[in-house]
2 protein chains.
Amino acid sequence: MSAGGTSGERRAPATLHDVAREAGVSLATASRSLNGSTRKVNEEYRQRVLAAAAKLDYSPNLSAQAVARGTSTTVALLVADIADPYFAQIAAGVVREADHEGLIVTMAATERDSERELELVRSLRGQRPRVMILAASRRAGDAASALLAEELRAFEANGGRVAFIGAVEAPYRSVPLDNAAGAESLARALVEAGYRGFAALTGAEGLRTAEDRLGGFIAGLAASGIALDPARIVRPAFTRDGGYDGMRTLIEQGLDDLEVVFAANDVMAVGAMSAVRDAGLVPGRDIAIAGFDDIPTARDVTPPLSTVRLPLEEIGRRALRLALGTLDEGDELPVRAEVVLRGSTPTRAS
Amino acid sequence: MSAGGTSGERRAPATLHDVAREAGVSLATASRSLNGSTRKVNEEYRQRVLAAAAKLDYSPNLSAQAVARGTSTTVALLVADIADPYFAQIAAGVVREADHEGLIVTMAATERDSERELELVRSLRGQRPRVMILAASRRAGDAASALLAEELRAFEANGGRVAFIGAVEAPYRSVPLDNAAGAESLARALVEAGYRGFAALTGAEGLRTAEDRLGGFIAGLAASGIALDPARIVRPAFTRDGGYDGMRTLIEQGLDDLEVVFAANDVMAVGAMSAVRDAGLVPGRDIAIAGFDDIPTARDVTPPLSTVRLPLEEIGRRALRLALGTLDEGDELPVRAEVVLRGSTPTRAS
DNA sequence: GCGCGACGGGAAAGCGTTGTCCTCCATGGC
DNA sequence: GCCATGGAGGACAACGCTTTCCCGTCGCGC
């Protein structure tokens with residue numbers, strides 16, 4: 001257990017005051033030397049300050065700076081579950097872009113609970129972050145939802161910026177994901193590949209992302225004159241295990257003319273594949289499976305998973321740029337959702 | 001692109017001062033009513049303050065609190081790559097535990113560059129976090145390493161807490177992972193399963209985690225009187241693609257008597273499996289593969305990946321508790337690394 | 001040679017909180 | 001009836017920093 005803790009004199013961190021004294025200059029000059037102030041400071045003084053800062057291991061107190069300046073350098077990121085590759089990739093994008101901008105990311109997980117989401121937004125607001133990015137899948141119209149809106153309104157009224165990832169949310173900026181259109185394209189592609197018997201695994205009712213994807217998929221089928229049997233729509237949890245369970249349900253219901261299962265996200269699809277295999281069937285051959293997101297794992301399962309690719313990391317970066325207002329010209333393009341057909345949905349000889 | 005931004009009067013956030021005025025009490029009373037002060041405050045006043053706070057949408061400025069109190073409620077977490085499931089799971093654990101303790105997590109990614117790591121530690125120090133958790137794989141003895149030590153020393157001298165995840169680091173607290181012992185057990189288990197022809201895919205030289213695991217594996221083989229041919233040790237990047245490339249190298253070198261490949265982490269193993277498959281071979285049948293970590297995906301690839309299980313989320317939580325000094329009795333137990341044999345290393349009829 | 005900007009250092013007033021005193025008032029003991 | 005006691009509100013000095021002012025010093029134009 002490595003005892004830990006250097007013997008340490010436990011002195012308080014050096015303050016700007018200490019640096020100024022050490023360098024023999026005023027507080028103001030020290031401050032001006034160490035941050036990008038507009039005021040010029042005599043090169044000799046500046047060197048003295050820099051030396052003193054180095055000598056004292058000075059590191060500016062960000063909290064104090066935030067208080068004095070009236071603005072922080074923080075970005076708050078809210079996701080449903082950090083360990084979920086979908087959110088992990090988005091987070092990676094946000095962090096990278098933030099780093100690029102010299103901002104610091106604070107992260108919280110809603111654990112897919114809208115009460116918690118509300119609570120977190122509330123507490124995160126205390127940091128006075130420059131922007132708040134909400135990637136957590138929101139449910140429409142539940143009790144917490146109105147309060148959340150209230151909270152965000154207050155945040156923006158105070159000069160904060162909110163960016164949503166996913167569906168377009170009322171008055172806020174958002175990086176819209178083309179969930180419906182992507183799923184629709186996927187449906188068409190599958191029909192074109194010869195599939196006729198469909199089922200869908202989607203998240204709990206009211207989960208925006210899940211709804212949109214399912215809706216798009218149904219629309220895509222409808223466009224080809226195919227109706228999705230409501231009995232073939234299963235709504236387990238929006239997770240890997242949910243996908244597994246949902247697929248089991250489907251299998252227990254009887255496979256009859258079922259040819260392909262659309263899972264509303266890749267982790268569910270992966271779970272579904274495992275369920276198929278555990279039932280003694282071969283995914284892709286006995287039952288085709290398609291997902292959504294194109295998480296890295298999608299390539300590495302067997303057979304490789306057909307899916308709708310979302311540039312997740314790019315989405316994270318863009319959400320931050322959007323909130324910051326630093327979107328470049330080219331960035332205005334909507335995020336493309338692109339169908340990627342792989343081995344899990346082989347072309348079907350019709 | 002959803003214009004964004006409520007029309008907003010853009011007034012500054014309500015301050016405690018505003019609340020006090022609204023409630024008709026002093027600043028001190030307002031402060032005492034809104035935070036857990038030891039001082040009692042008249043119930044009527046307290047209600048007035050609460051009402052005023054609610055009315056004004058007051059949210060205490062955490063930075064100001066940090067400055068005034070002299071301590072922050074922040075935890076800084078440093079990982080190599082957020083999108084990597086290994087770090088994502090650890091991060092999830094840290095965030096969950098932090099949330100439990102009412103702390104806020106700020107996250108940064110070193111991108112596996114020790115220069116950046118140093119830089120990040122430096123800048124993170126400015127937040128005066130209560131603890132700093134370093135999960136980023138460190139290289140031993142490079143240039144930045146000494147400076148990093150210096151930086152951490154300063155941080156601890158100022159009352160901060162450092163916790164490492166992985167190898168035990170000199171004077172700091174750490175959650176040691178039994179990399180060597182785990183790999184050693186795995187080697188023994190594989191020998192016991194009938195394997196004789198080994199190869200290893202590990203990370204760049206000097207990468208602590210990779211070295212320890214390789215070392216353990218070699219020791220395990222040695223214990224069974226088997227030597228690992230140095231030509232059969234490949235050192236690509238410590239990532240999925242590294243695993244893929246490394247496996248290709250191995251295949252190009254000729255498979256001869258090669259029976260099983262040990263990849264120093266699961267994402268590499270997954271990459272290696274894909275390389276095997278892309279070479280027209282079947283992982284598990286033609287070449288067995290084992291990894292390390294037991295990331296969630298390990299169960300879902302085909303065949304399921306044999307590996308050494310590390311309770312990653314628990315490790316994250318424990319790192320935080322360790323740094324905070326809130327480890328319970330039972331937590332003193334070292335983290336167990338447990339061999340999990342799955343289909344990727346079928347028992348070999350000898 | 002004088003006046004006037006421009007320049008740049010330093011004092012000091014914030015920033016939004018907390019915590020220490022100080023004070024006032026009610027209570028209780030003798 | 002008086003004084004010690006203590007409980008609770010309020011003023012105010014921090015906390016570590018930024019930024020506005022103020023002011024002395026130059027350099028330059030006339």
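Chain letters run A, B, ... following the sequence lines, proteins first and then strands; every chain starts at 1.
- Here N35(B) reaches the OP1 or OP2 of dT18(C): one of its side-chain N or O atoms lies under 4.0 Å away.
- Remark: C1' of dG9(D) and CD of E44(B) are 13 Å apart, rounded to the nearest angstrom.
- For the pair R48(A) CZ and dG8(C) C1', the interatomic distance rounds to 14 Å; values are reported in whole Å.
- Rounding to whole angstrom units, CD of residue Q47(A) and P of dG9(C) are separated by 13 Å.
- In this structure, CG of L16(A) is placed 14 Å from P of dC15(D), rounded to the nearest angstrom.
- Between dG8(C) and R39(A), no contact under 4.0 Å exists linking OP1 or OP2 to a side-chain N or O.
- Between the CG atom of N42(B) and the P atom of dA26(C) there is a distance of 13 Å, given to the nearest Å.
- Nearest to the side-chain atoms of N61(B) among the listed nucleotides dC17(D), dT17(C), dG9(D) stands dT17(C).
- If A28(B) and A64(B) are placed on DNA chain D by their nearest nucleotide, the residue sitting closer to the 5' end is A28(B).
- Taking the charged nitrogens against the carboxylate oxygens, D18(A) and R21(A) do have a contact shorter than 4.0 Å, which makes a salt bridge.
- In the set dT18(C), dG9(C), dG16(D), dT18(C) carries the atom at the smallest distance from any side-chain atom of Q65(B).
- Contact annotation: S31(A) does not reach the phosphate of dC17(D) (side-chain N/O to OP1 or OP2, under 4.0 Å).
- Of the side-chain N and O atoms in T29(A), one or more sit less than 4.0 angstrom from OP1 or OP2 of dG10(C).
- Here the P atom of nucleotide dG14(C) and the NE2 atom of H17(B) are 12 Å apart, to the nearest Å.
- At least one side-chain heavy atom of L34(A) sits under 4.5 Å from a side-chain heavy atom of Y58(A).
- Y45(A) has no side-chain polar atom (N or O) that falls below the 4.0 Å cut-off from OP1 or OP2 of dC7(C).
- Salt bridge annotation for D57(B)-R122(A): absent, with no cationic side-chain nitrogen under 4.0 angstrom from a carboxylate oxygen.
- Salt-bridge formation is detected for the pair R321(B)/E314(B): a Lys NZ or Arg NE/NH1/NH2 atom is positioned less than 4.0 Å from an Asp or Glu carboxylate oxygen.
- In this structure, E22(B) does not pair ionically with R48(B), as no charged nitrogen and carboxylate oxygen lie closer than 4.0 Å.
- Going from atom CZ of R21(B) over to atom P of dT17(C) covers 13 Å, rounded to whole Å.
- For the pair T15(A) and R32(B), both in contact range of DNA chain D, the more 5′-proximal nearest nucleotide belongs to R32(B).
- V41(A) comes within 4.0 angstrom of the backbone, heavy atoms only, and of no base.
- Residue Y58(A) contributes atom OH, which lies 7 Å from atom C1' of dG16(D) at whole-angstrom precision.
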